[in-house]
Amino acid sequence: MKNDDIASILEEIGMLLELKGENPFKVRAYENAARAIQALTEPVERLLIEKRLSAVKGIGESIQKKIEELVTTGRLAYYEELKSSIPPGLVEMLNIPGLGPKKVKALYEKLGVDSIDKLEAVCTSGKVANLDGFGEKTQIKILQGIAFRRQYASKHLLIAAQAVAHPIYSKLKQHPDVIQCSLAGSVRRWKEIIGDIDFLVSSKKPLKVIEFFTKLDSVQNIIARGETKAAVILQGGIQADLRVITESEYPFALAYFTGSKEHNIVMRQRAIDRGLRLNEYGLFKSTEETRDPALLLPCSSEEDIYSKLGLCYIPPELREDRGEFDAAEKGKIPELIDEKALKGSLHNHSNWSDGADDLMSIAMHMAKLGLQYWAITDHSKSSPQANGLDSDKLKKQFIEIKLINEKLKAKGFEFELLTGVEVDILPGGKLDIEDEVLAMADVVVASLHSGFSQDEKEITNRIISAVKNPFVHILGHPTGRLLLEREPYKVDIKAVIDACSETGTWIELNAHPSRLDLDWRYWSYAKSKCVKCVINCDAHNLNHVEFLRLGAGIARKGWLTAADVINTQPLSKLKKLLKSKRS
DNA sequence: GCCGTTTTCGGCCCGACTGTTTTCAGTCG
């Protein structure tokens, strides 16, 4: 059992206890324990064997015993009993915005609502508005929440799809009957939201490959199994499709199944314009539908196909018909950023606010990974839920960071923690830390954490007045979206980019898998306005350093090169840039 | 249920917002 599995069970126990009306502090104990497990950098199993689990903060006697039972038997009686005492639909109802444990409980007890479908029915019939504590607006909000959920019902975060896809890809690649193999579809294109995962394989023995694929451990059930393709549902509920084709078809099929649909339409039109025909089986010297090998224009790679259609190679991330054909015709496809170019992250948290780790552990971890810098930008006081810091605490933290840097230097590390703060932009547009303290920080990130219901003009002006503050370097997660959970707040993002352009403020590409914000679709506009990007982990524990990889992928999708991204700069240059922003 | 400790039980995150009320409960960040 993996750490993430254990954490999600603890989290679910927390939710179930909440629904039962248990002591809220008990609920939080489970939530804290789940977070503590997620933040671990080694497997729980090892901690258990070495009797070090009880030393983890947030895990006491009772939860430790439960984890032990889970790890040794794969089950937990307490959890199963709890689960059977509560209708499964209630937990799901908690995910609807505006519905918490009290309201869910009331709906269940008074109207017998124990599923999303029943909830929708009682809302539509107007019964909910008549309940005590509910009303017309709540009823509408619930219906909107249900519609939103339904829209994304079979969608998954990119990181979740990658996590299941990459191990399967490795196994396919090693299979003796597999000649070539690739991920295709939206995973290969680095879309932030994924419907299903597509694998493509060339082989002389397709049946053997298909059998191997459908019998993988991670396959939950098989939807279809034919001679050239199979579809399965993987653990976690993601659908995966496998296509097996011949070696000569491989480049054409790869291009076709990578998409996007919009990109493919233009590709096929370009073929027609040249008296050719393009489909997943080949590029043919014909204007008719054909698969005749005699008419095939042989291509050994995707590069060949693009070249025969008068284009230089277009990386999968850019295949969205958003300007890539123009650029490829002129040979002006940019050299996209590589994750290895990133030297650190400028927006991260420590246990001074809502992060899991102390400053020294963070510094050592990042230094050993070979990064050059890591900014600590804990929350400010207007985020009490995140244990935000006031000016006095911030100043104390700056002093401690200085001491840590001296120690690191003495040990010979070429690495620095940078001081900083993620300062809240208040509803009026003011920042909740005074300028003279902001001026002491190496890095200032300004973000919105409240007042999301303001109208577009108010929020836009609020953000613009924040980026006009000369001490602010970076605008954090500019739209506030949480993928598959929450829509962005209403904001005129182009006006915000214009303001950043005028003030020289950088915009964050928040690489947290649920954010990936600013959206890749806006980066070319930002680039045209000379606004620089910073790819930030928004790390809350040591494992979150992995988000740099995700951020770099999304930056590529936004057409960004290393030169467009501030945190590709080495420490000395970065320090100069941070200073010059304020002069 | 965890933590800390003036060691055996009290405190644990809290302010804003929303929609419901008519003074506040529930939810959210």
Side-chain angles (χ1 to χ4, degrees), chain A residues 9-37 53-67 76 78-79 82 93-107 109-110 123 128-145 349 351-356 378-390 393 422-428 432 447-455 458-459 462 476-477 480-482 485-489 512 514-515 538 540:
Chain A
I9 288 177
L10 292 173
E11 212 168 298
E12 200 183 332
I13 291 176
M15 282 196 277
L16 291 166
L17 291 173
E18 206 174 14
L19 282 168
K20 286 211 132 177
E22 262 283 4
N23 172 4
F25 296 109
K26 187 170 169 177
V27 172
R28 214 166 72 209
Y30 277 94
E31 288 168 354
N32 288 340
R35 211 167 322 134
I37 297 289
L53 190 59
S54 54
V56 176
K57 206 172 165 237
I59 306 214
E61 211 187 316
S62 162
I63 293 186
Q64 190 194 331
K65 270 190 190 152
K66 293 191 171 83
I67 293 175
L76 176 58
Y78 173 75
Y79 168 60
L82 195 60
M93 282 162 63
L94 276 181
N95 292 326
I96 289 173
L99 284 189
K102 301 271 165 62
K103 289 218 158 99
V104 169
K105 213 170 162 212
L107 286 162
E109 282 168 1
K110 292 184 184 158
C123 282
V128 169
N130 297 327
L131 282 183
D132 279 353
F134 291 75
E136 206 58 54
K137 288 199 175 166
T138 308
Q139 190 168 267
I140 291 168
K141 211 175 158 196
I142 293 174
L143 283 172
Q144 284 168 344
H349 300 271
N351 62 359
W352 284 59
S353 68
D354 60 348
D378 276 313
H379 289 282
S380 59
K381 57 181 186 287
S382 295
S383 289
Q385 84 284 354
N387 198 22
L389 310 184
D390 60 22
K393 279 192 188 154
E422 181 184 14
V423 62
D424 264 335
I425 305 171
L426 299 172
D432 83 334
S447 317
L448 238 71
H449 292 108
S450 62
F452 294 164
S453 57
Q454 287 179 324
D455 65 31
E458 282 172 316
I459 292 197
R462 192 175 155 191
H477 45 72
R481 71 175 180 186
L482 291 176
E485 285 174 50
R486 185 176 73 202
E487 298 278 19
Y489 35 70
H512 189 284
S514 295
R515 292 191 183 270
D538 198 351
H540 285 73

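Each chain gets a letter, A, B and so on, in the order its sequence line appears, and its residues count up from 1.
- Within the 4.0 Å cut-off from OP1 or OP2 of B:dT27, not a single side-chain nitrogen or oxygen of A:K141 is found.
- The CG-P distance, from A:L19 to B:dT27, rounds to 10 Å in whole Å.
- When the P atom is used for both B:dG15 and B:dT21, the distance is 26 Å, rounded to whole Å.
- B:dC12: Watson-Crick or G-U partner is B:dG1, with both key distances under 3.5 Å.
- Between the P atoms of B:dT7 and B:dC14, the separation comes to 24 Å (whole Å).
- B:dC28 atom P lies 18 Å from atom NE2 of A:H379, rounded to whole Å.
- No cation-pi contact links A:K66 to A:Y79, judged by a cut-off of 6.0 Å to the six-membered ring centre and 45° from its axis.
- Using C1' as the reference atom, B:dG26 and B:dT20 are 10 Å apart when rounded to the nearest Å.
- Counting to the nearest Å, the P atom of B:dC24 and the NZ atom of A:K102 are 16 Å from each other.
- If you measure from atom CD of A:Q139 to atom C1' of B:dT18, you get 16 Å, rounded to the nearest angstrom.
- For A:H379 and A:H449, the ring centers are positioned less than 6.0 Å apart.
- When distances are taken from the side chain of A:K57 to each of B:dC2, B:dT27, B:dC3, the shortest belongs to B:dC3.
- Going from atom CD of A:Q385 over to atom P of B:dC28 covers 13 Å, rounded to whole Å.
- For the C1' atom pair drawn from B:dT8 and B:dC2, the interatomic distance equals 14 Å after rounding to whole Å.
- Rounded to the nearest 0.5 angstrom, A:D378 CG and A:E422 CD are separated by 9.0 Å.
- For the pair A:F134 and A:G58, nearest-nucleotide mapping onto DNA chain B gives the more 5' position to A:G58.
- Between A:R486 and B:dG29 there is a side-chain N or O to OP1 or OP2 distance below 4.0 Å.
- More than 12 non-hydrogen atoms from other residues, nucleotides or ligands lie less than 6.0 angstrom from NZ of A:K381.
- Side-chain atoms of A:S62 lie closest to B:dC2 of the nucleotides B:dC17, B:dG19, B:dC2.
- The same atom, P, is picked in B:dT5 and in B:dC12; the two are 15 Å apart, to the nearest Å.
- Nucleic acid contact class of A:P24 (heavy atoms, under 4.0 Å, all strands): none.
- Two residues are said to be in side-chain contact when any heavy atoms from C-beta on lie closer than 4.5 Å; A:R35 and A:N32 meet this criterion.
- Of the candidate nucleotides B:dT27, B:dG1, B:dG29, B:dG29 has the atom nearest to the side chain of A:F452.
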Give the C-alpha distance, both sets of side-chain angles, the deciding distance and a yes or no for side-chain contact (heavy atoms from CB on, under 4.5 Å) between A:T138 and A:L131.
CA-CA 11 Å; A:T138 308; A:L131 282 183; over 6 Å; no

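- Of the candidates B:dT27, B:dT20, B:dG15, the closest approach to any side-chain atom of A:P384 belongs to B:dG15.
- Checked by distance alone, A:N23 brings a side-chain donor or acceptor within 3.5 Å of a matching partner on the base of B:dG1.
- Between the CD1 atom of A:I67 and the C1' atom of B:dG1 there is a distance of 12 Å, rounded to whole Å.
- Remark: the separation of the C1' atoms in B:dG11 and B:dC17 is 27 Å, to the nearest Å.
- A straight line from CG of A:N387 to P of B:dG15 spans 13 Å, rounded to a whole angstrom.
- Applying the 4.0 Å criterion to OP1 and OP2 of B:dG15, one finds that A:S450 has every side-chain N and O outside that range.
- Between A:H477 and A:L448, every side-chain heavy-atom pair lies at or beyond the 4.5 Å cut-off.
- Nucleic acid contact for A:K66: sugar-phosphate only, since backbone atoms but no base atoms lie under 4.0 Å from a heavy atom of the residue.
- The NE2 atom of A:H477 sits 12 Å away from the P atom of B:dG29 (whole-angstrom rounding).
- Nucleotide B:dT8 carries a syn base; the chi torsion (O4'-C1'-N9-C4 or O4'-C1'-N1-C2) is within 90° of 0.
- Sequence order on DNA chain B of the closest nucleotides to A:P427 and A:P101 puts A:P427 first from the 5' end.
- Closest to the side chain of A:K137, from the set B:dG29, B:dC17, B:dG19, is B:dG19.
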